[in-house]
Amino acid sequence: MAETLNARFASARRNAILSEFGNLNADQLEAVAATQGPLLLLAGAGSGKTTVVINRIANILKYGRATDSSDVPADITDEDADALEYLALHPDPEWRKQRAPLMELEPAKPWQVLAITFTNKAANELKERLARMLGADVALDVWAATFHSMCVRILRRDVDAGGVWTRSFTIYDTADCQSLIKRIVKDLELDEKSFAPRQVMSAISRAKDEGTSPEDYADSASVAKDLRRRDIGRVYLEYSRRMRSANAMDFDDLIMQTVRMFTQFPHILQKWQHQFRYVMVDEYQDTSKLQFRLVSLLSGGHGNICVVGDEDQSIYRFRGATIENILGFDKQFKHTRVIRLEQNYRSTETILNAANAVVSENSDRLGKKLWTENGAGEPLSLHIALDERGEADYIALQMMKQQRAGLAFRDLAVLYRTNAQSLQLELAMKRSAIPYRVYGGTRFFDRAEVKDVVSYLAVTANPDDDVRLLRIINNPPRGLGAKAIETLVEIARAESLPIYEVLRNVLAYPELSRSAAKLASFTEIIEGFREKASTLRPDLLYDEILRGSGYIDMLDAKPSLENETRKENVLELKTSILDYVARNPDEPSLSAYLDEIALYTDMDKSDGSDDCVQLMTIHSAKGLEFPVVFVCGAEDGIFPGQRAIGEPEEMSEERRLCYVAFTRAKRKLYVTAAKQRMLYGKTMNNPPSRFLDSILGRQRE
DNA sequence: CGCACCACAATTTTT
DNA sequence: TTGTGGTGCG
């Protein structure tokens with residue numbers, strides 16, 4: 001008797017709760033309800049994935065595990081079950097509120113929910129949507145973050161346990177790391193041509209991803225008698241040393257050191273495992289091995305791990321992402337439930353068929369077929385122009401047509417494989433007077449002048465930051481010659497000290513006597529900033545730095561158009577500091593601001609407000625949608641790229657990239673190519689993309 | 001120390 | 001073709 005009441009109650013409870021999440025299809029509801037244990041959510045493009053993620057979190061926060069458990073309170077009655085059954089059918093808010101306690105089963109606190117996203121932008125959107133649903137106070141306490149920002153938060157609390165880094169460690173961006181590597185390659189007297197910073201860095205990055213230490217790396221090289229690997233191992237070792245000495249971490253370190261800390265100190269791991277009752281990872285198809293390790297560690301306490309992704313949209317292999325994570329999830333986590341979201345709400349049948357046709361040639365898939373109720377819609381337009389200029393003009397012409405037909409410019413997007421293709425498109429937009437915006441390209445924080453002034457801030461926060469210190473020690477010029485700086489660096493190396501330590505005791509080194517006065521005056525400037533940093537608000541400190549360093553004076557000294565732009569950028573940084581201060585009025589700190597800009601390249605003013613057509617690479621279009629999409633450069637050699645042809649793995653990724661490109665379109669898709677194209681000063685005659693054959697159902701021999 | 005000139009390379013990119 | 005980075009000269 002009690003048995004049936006309990007079952008009736010649990011089932012009614014589930015229905016009552018789910019009735020609150022209207023507008024979801026059966027699969028989506030299933031996903032929202034599945035709160036416990038490992039869950040693999042295969043969400044095709046345009047399948048309402050984000051909505052499901054938001055609602056699932058809301059369910060966890062409001063009702064805990066109630067929709068996924070047969071546990072019921074001991075003292076329930078038939079009336080209670082009746083009430084819930086009534087609620088499932090009659091969405092009366094008053095009633096619902098009254099009966100809420102009946103529906104709850106250990107609701108989670110906001111800070112017990114961890115939602116890892118691919119970008120900061122996505123994390124913010126998640127928080128905003130949660131705030132609208134549940135209130136800002138709840139949303140703010142949910143851990144919605146990228147892998148990197150989550151790790152920073154964790155490390156800032158606990159990293160000092162290891163005794164290597166302090167909690168005020170500095171984050172190096174890619175350019176900082178490359179300049180360090182370049183210096184090391186020089187110092188080790190390796191050939192700078194065959195050890196390009198870029199390549200060395202990606203080798204080191206791969207080693208870190210595989211959990212290989214510098215020592216192991218060098219060992220494996222000597223076993224294999226691989227000379228190049230041995231040398232890279234030497235660079236890797238020295239790189240790690242100097243990063244530690246500078247109290248700095250690169251992006252990979254943020255994750256690797258978190259994993260290391262967790263393995264080394266089980267009590268720290270347990271603390272975090274305990275905190276995160278629910279762990280969610282979005283864009284799981286683009287996670288790396290190291291990230292997988294981190295996810296398994298973090299979710300190892302409660303075992304509630306939900307990953308969301310689409311193996312057909314895995315497009316970041318070049319960056320260490322491994323599609324194996326999503327393909328093997330159900331083997332890594334026992335008793336995984338798999339839910340597929342295959343109904344597409346975004347595109348027409350025509351568009352989906354084209355996308356499916358291309359990606360269905362891949363073998364590394366879990367299998368999934370998108371379908372839609374949207375109907376066939378407009379036919380695809382394929383256009384092969386004479387050259388890239390003709391292609392761009394065709395696109396501009398079609399854009400004008402679409403606009404006359406009633407679409408806004410912002411509804412139109414051009415997607416290309418490589419940034420180099422944007423130039424001709426821009427020119428065509430200009431010729432046709434179409435307002436446009438190019439996404440990507442050089443970012444604000446990558447500009448030299450911005451890096452300079454940020455370096456002043458960074459050195460003020462952490463004077464052991466050698467890379468940034470070297471960037472500014474003679475910038476603006478202070479009469480320090482290359483040899484003086486070289487001597488300084490050598491002393492620091494010989495003594496295994498940060499450069500700044502040598503500077504502080506400059507008089508103790510006779511080799512530096514000739515430049516001692518100049519070095520001391522630099523040290524004095526920095527000391528002055530450091531003193532002020534403890535009392536001054538970051539924006540005021542910044543004013544002080546611009547003046548005290550002589551940077552603004554330097555720009556003013558030689559008025560030119562270029563220097564005007566630089567000054568604008570330097571002042572724009574102040575805007576960003578002020579913005580940070582406004583968002584953190586209680587305790588604005590310099591180091592927290594530096595964290596933010598290290599992890600936030602996305603200061604991009606995303607004005608959806610101005611009416612421009614949008615030009616971007618396919619990669620940066622991931623997650624976006626547009627009524628009309630132009631995919632250009634559909635030629636073998638461009639898309640798929642030359643490097644991918646003949647490489648099955650790479651070809652798979654290019655097909656997925658094509659799938660991503662096509663599924664951005666809601667109503668109409670254009671695919672264009674050029675018979676002849678100038679690239680890097682060379683004219684090439686590329687055949688039309690093999691992807692066109694897939695779309696048209698043709699075989700190529 | 002700054003500027004001019006030449007060589008050279010060059011998917012995709014967020015953190 | 002374009003941009004960047006290194007070298008050499010004034």
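Letters go in sequence order (proteins before strands), and every chain restarts at 1.
In this structure, Lys622(A) forms a cation-pi arrangement with Phe118(A), its terminal cationic atom sitting closer than 6.0 Å to the ring centre and no more than 45° off the ring axis. Arg664(A) forms no cation-pi arrangement with Phe662(A), by the criterion of a distance under 6.0 Å to the ring centre and an angle within 45° of the ring axis. Cation-pi geometry between Arg244(A) and Phe169(A) is not met: the NZ or CZ atom fails to fall both under 6.0 Å from the ring centre and inside 45° of the normal.
Two residues are said to be in side-chain contact when any heavy atoms from C-beta on lie closer than 4.5 Å; Cys151(A) and Leu294(A) meet this criterion.
As judged by a 4.0 angstrom heavy-atom cut-off over every strand, Asn474(A) is placed among residues touching the sugar-phosphate backbone only. Here Phe147(A) lies out of heavy-atom contact (under 4.0 Å) with every strand. Across all strands, Glu654(A) comes closer than 4.0 Å to base atoms (heavy-atom distances). Using a 4.0 Å heavy-atom distance criterion, Leu415(A) is classed as making no nucleic acid contact.
Of all nucleotides in DNA chain C having an atom under 4.0 Å from a heavy atom of chain A, the first and last in 5' to 3' order are dT1(C) to dG6(C).
In dT11(B) the O4'-C1'-N dihedral to the base is within 90° of 0, which defines a syn nucleotide.
The distance from atom CZ of Arg317(A) to atom C1' of dT11(B) is 13 Å, rounded to the nearest whole Å. Remark: C1' of dT13(B) and CZ of Phe445(A) are 17 Å apart, rounded to the nearest angstrom. If you measure from atom CG of Asp282(A) to atom C1' of dT15(B), you get 16 Å, rounded to the nearest angstrom. Distance CZ (Phe318(A)) to C1' (dT13(B)): 5 Å, rounded to an integer number of Å. Between the P atom of dT11(B) and the CD atom of Glu653(A) lies a distance of 16 Å, rounded to the nearest Å. In this structure, Gln642(A) atom CD and dT12(B) atom P are separated by 15 Å, rounded to whole Å. Rounded to an integer number of Å, the gap from CD of Gln285(A) to C1' of dT13(B) is 15 Å. Remark: C1' of dT13(B) and CG of Asp173(A) are 13 Å apart, rounded to the nearest angstrom.
For DNA chain C, the residues of residues 671-685 of chain A within the heavy-atom distance limit of 4.0 Å (strictly under) are Tyr680(A), Gly681(A), sorted by number.
Side-chain N/O atoms of Asn120(A) include one lying less than 4.0 angstrom from OP1 or OP2 on dT15(B). Taking only side-chain nitrogens and oxygens, Thr617(A) comes nearer than 4.0 Å to OP1 or OP2 of dT13(B). Side-chain N/O atoms of Asn419(A) include one lying less than 4.0 angstrom from OP1 or OP2 on dT13(B).
On a pure distance criterion of 3.5 Å, no polar donor-acceptor pair joins the side chain of Arg417(A) and the base of dT11(B).
Between Lys483(A) and Glu486(A), none of the side-chain N atoms (NZ, or NE/NH1/NH2) sits under 4.0 Å from a carboxylate O, so this pair counts as no salt bridge. Electrostatic pairing of Asp452(A) and Arg468(A) does not count as a salt bridge here, judged by no charged N lying under 4.0 Å from a carboxylate O. Under the 4.0 Å criterion applied to side-chain N and carboxylate O atoms, Lys49(A) and Asp310(A) are not assigned as salt-bridge partners. Ion pairing between a basic and an acidic side chain is recognised when a charged N comes within 4.0 Å of a carboxylate O; Asp636(A) and Arg690(A) show such pairing.
When distances are taken from the side chain of Pro477(A) to each of dT11(B), dG2(B), dT15(B), the shortest belongs to dG2(B). For Phe251(A), taking side-chain heavy atoms from C-beta onward, the closest of the listed nucleotides dG2(B), dT15(B), dT13(B) is dT15(B). With distances taken from any side-chain atom of Leu599(A) to the nucleotides dT15(B), dG2(B), dT13(B), the minimum falls on dT15(B).
The nearest heavy atom of DNA chain B to Thr174(A) and to His619(A) marks one nucleotide each, and the one closer to the 5' end goes with His619(A). The residue among Tyr316(A) and Lys193(A) whose nearest nucleotide of DNA chain B is located toward the 5' end is Lys193(A).
Side-chain contact, Ser149(A) with Arg153(A): no donor N or O sits under 3.5 Å from an acceptor N or O. Side-chain polar atoms of Asn584(A) and Tyr593(A) form no donor-acceptor pair below 3.5 angstrom.
Taking the six-membered ring wherever Trp is involved, the centroid distance between the rings of Tyr416(A) and His619(A) does not fall below 6.0 Å.
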